[in-house]
Number of protein chains: 2
Amino acid sequence: MSGSSENPFRKVRADHAQETAEDYVEAVSDMVHRIGECRVRDLAAHMGVSHVTVSRIVSRLQEEGLIETEPYRPVRLTPTGEKLAAMSRRRHEIVEQFLLAIGVPAEDAARDTEGIEHHVGESTLAAMENFLSSSHRPAPTTPEAIE
Amino acid sequence: MSGSSENPFRKVRADHAQETAEDYVEAVSDMVHRIGECRVRDLAAHMGVSHVTVSRIVSRLQEEGLIETEPYRPVRLTPTGEKLAAMSRRRHEIVEQFLLAIGVPAEDAARDTEGIEHHVGESTLAAMENFLSSSHRPAPTTPEAIE
DNA sequence: AGTGAATTGTAGCATTGGCTACATTTGTGT
DNA sequence: ACACAAATGTAGCCAATGCTACAATTCACT
Ligand SMILES: [Mn+2]
Ligand SMILES: [Mn+2]
Ligand SMILES: [Mn+2]
Ligand SMILES: [Mn+2]
């Protein structure tokens, strides 16, 4: 009842079908918050694809109710898109911090996170969060040092 | 010079382009070792797709030199395919053991590993291996206990 | 206002990997 | 041997996502 399917490969394919949406809304959200707006060309540069690919994907995401835009205008997120972006960003950050915490170099952690994040389920995310909060303080802090 | 590209998303797409090959040769290798041969129907059941999809993918992997087969006959691996299978299985096992080690329930670990494995680079794999060998002994062992 | 560069959209093509329906081959069992 | 069931292949469809080439629009600057 929790996974989308009994077969692991079906789940992976379902994750991949969601992947583009997650990366795009996360990128739109970040750009809007950082530079005020998000243009097709910004997304193309960010994703490393042509503007044509972005344009078509934006259309699809608009049909799916995640994005709003008019021709030749910037791209914005719908409330639904914002929610997906918030979820994606949170998961992305947890995964990346986790990889850093186990000693993966920053550049490699950033790279691997971009793919790994979409396959991290609830249980795995919880395990990563738990690991992070456990190994949060290096050594000097003890429970008694709070007060 | 280590990653396939500067842009993380390009790397993810490159990983996805390799993903089918890795999962299929790993499956072929396992089946050959377990039940003596690997048929198209076995792969179809394992991957959760129709035999048609398997048949086309097997053709492509044969053109790529990973698989050998004749019409209506079982599927075998070429030496190149065996090497890729060995690499994939090793990485798969490390990732899965790692998820189990950080407390992910077995079923979820198996599921998430199927997707995550393809995005785990050298550094991340090394960090996971290191974590596994470090946290190998539950608690009683301390550095001084070696001698 | 007009012009030219930048941006975005459209047309058309390729690849991958899903599918159903149907054809062919294999092989089992009588 | 033959007939039928299982396995595999083929034809033809679809969706997603990559691309180049070209058309349309916007925008900044004179
Ligand atoms: Mn992300
Ligand atoms: Mn991503
Ligand atoms: Mn896999
Ligand atoms: Mn993936």
Side-chain angles (χ1 to χ4, degrees), chain A residues 4-25 27-28 31 35-76 114-115 118, chain B residues 4-25 27-28 31-32 35-64 66-76 114-115 118:
Chain A
S4 70
S5 174
E6 65 306 325
N7 184 315
F9 296 99
R10 286 187 176 278
K11 172 64 160 42
V12 173
R13 291 195 293 272
D15 291 340
H16 285 158
Q18 264 291 109
E19 177 164 344
T20 301
E22 289 170 355
D23 285 335
Y24 272 68
V25 296
V28 172
M31 286 177 198
I35 59 179
E37 68 175 17
C38 174
R39 312 285 320 203
V40 167
R41 68 178 152 81
D42 300 319
L43 287 171
H46 187 251
M47 307 301 295
V49 297
S50 74
H51 78 276
V52 181
T53 297
V54 170
S55 195
R56 192 176 347 87
I57 288 172
V58 163
S59 294
R60 178 172 67 79
L61 297 181
Q62 183 166 34
E63 284 169 7
E64 292 175 9
L66 296 172
I67 276 182
E68 282 179 338
T69 186
E70 295 119 275
Y72 299 98
R73 309 267 65 175
V75 175
R76 286 155 292 124
E114 203 52 72
H118 310 282
Chain B
S4 72
S5 175
E6 64 306 324
N7 184 315
F9 296 99
R10 285 187 175 279
K11 173 64 159 45
V12 174
R13 290 195 293 273
D15 292 340
H16 284 158
Q18 265 291 111
E19 178 163 343
T20 301
E22 291 169 355
D23 285 335
Y24 272 68
V25 296
V28 172
M31 286 176 195
V32 168
I35 58 180
E37 68 175 15
C38 174
R39 311 285 320 203
V40 167
R41 68 178 152 81
D42 301 318
L43 287 170
H46 187 250
M47 307 301 296
V49 297
S50 72
H51 78 276
V52 181
T53 297
V54 171
S55 193
R56 192 178 345 87
I57 288 173
V58 163
S59 295
R60 179 172 68 77
L61 297 182
Q62 184 166 33
E63 284 169 7
E64 293 175 9
L66 297 171
I67 274 180
E68 282 178 337
T69 188
E70 295 120 275
Y72 300 97
R73 307 268 66 171
V75 175
R76 285 155 293 124
E114 203 53 71
H118 310 282

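Predicted, not measured: the structure shown is a model, and the values here were computed from it. All heavy atoms count here, side chains included; hydrogens, waters and symmetry mates do not.
Contact between the side-chain N/O atoms of A:Thr53 and the OP1/OP2 oxygens of D:dC19 is found at a separation under 4.0 Å. At the phosphate of D:dT17, OP1 or OP2 sits under 4.0 Å from a side-chain N or O atom of A:Thr20. In terms of phosphate contacts, A:Ser55 brings no side-chain nitrogen or oxygen within less than 4.0 Å of OP1 or OP2 of C:dT8. In terms of phosphate contacts, B:Ser50 brings a side-chain nitrogen or oxygen within less than 4.0 Å of OP1 or OP2 of C:dC19.
Here A:His51 packs flat against the base of C:dT8; its ring centre is closer than 5.5 angstrom to the base's six-membered ring, tilted by less than 30 degrees.
Taking 4.0 Å as the cut-off between side-chain N and carboxylate O, A:Arg76 and A:Glu70 count as a salt-bridged pair.
No side-chain N or O of B:Asp23 forms a donor-acceptor pair with one of B:His46 less than 3.5 Å apart.
Regarding B:Arg39, its CZ atom lies at a distance of 9 Å from the P atom of D:dA7, rounded to whole Å. In this structure, A:Met47 atom CE and D:dC19 atom P are separated by 11 Å, rounded to whole Å. One interatomic measurement links the two molecules: CZ of A:Arg13 to C1' of C:dC19, which rounds to 12 Å at whole-angstrom precision. Rounded to whole Å, the distance from CD on B:Gln18 to C1' on C:dT16 is 14 Å. Taking atom CG of residue B:Asp15 and atom P of nucleotide D:dG18, one finds them 14 Å apart after rounding to whole Å. Here the P atom of nucleotide D:dA7 and the CG atom of B:Leu43 are 13 Å apart, to the nearest Å. Between A:Arg56 atom CZ and C:dG12 atom C1' there is a gap of 11 Å when expressed in whole angstrom units. Atom CG of A:Asp23 is separated from atom C1' of D:dT17 by 14 Å (rounded to the nearest Å).
Of the candidates C:dG18, C:dG27, D:dT17, C:dG18 carries the atom nearest the B:Ile57 side chain, counting heavy atoms from C-beta on. Among the nucleotides D:dC19, D:dT26, D:dA16, the one closest to the side chain of A:Tyr72 is D:dT26.
Distance alone, capped at 3.5 Å, places no donor-acceptor pair between the B:Arg13 side chain and the B:Pro8 backbone. Checking side-chain atoms of A:Arg10 against main-chain N and O of B:Val49 turns up no donor-acceptor pair under 3.5 Å.
Remark: the B:Arg10 side chain and the D:dG18 base include no donor-acceptor N/O pair separated by less than 3.5 Å.
No engagement by B:Val54 is indicated, since no non-hydrogen atom pair under 4.0 Å with the nucleic acid exists.
When each of A:Pro71 and B:Pro71 is assigned the nucleotide of DNA chain C bearing its nearest heavy atom, the one mapping closer to the 5' terminus is A:Pro71.
With sequence neighbours excluded, the residues that form a salt bridge (Lys or Arg N to Asp or Glu O under 4.0 Å) with A:Glu22 are A:Arg91.
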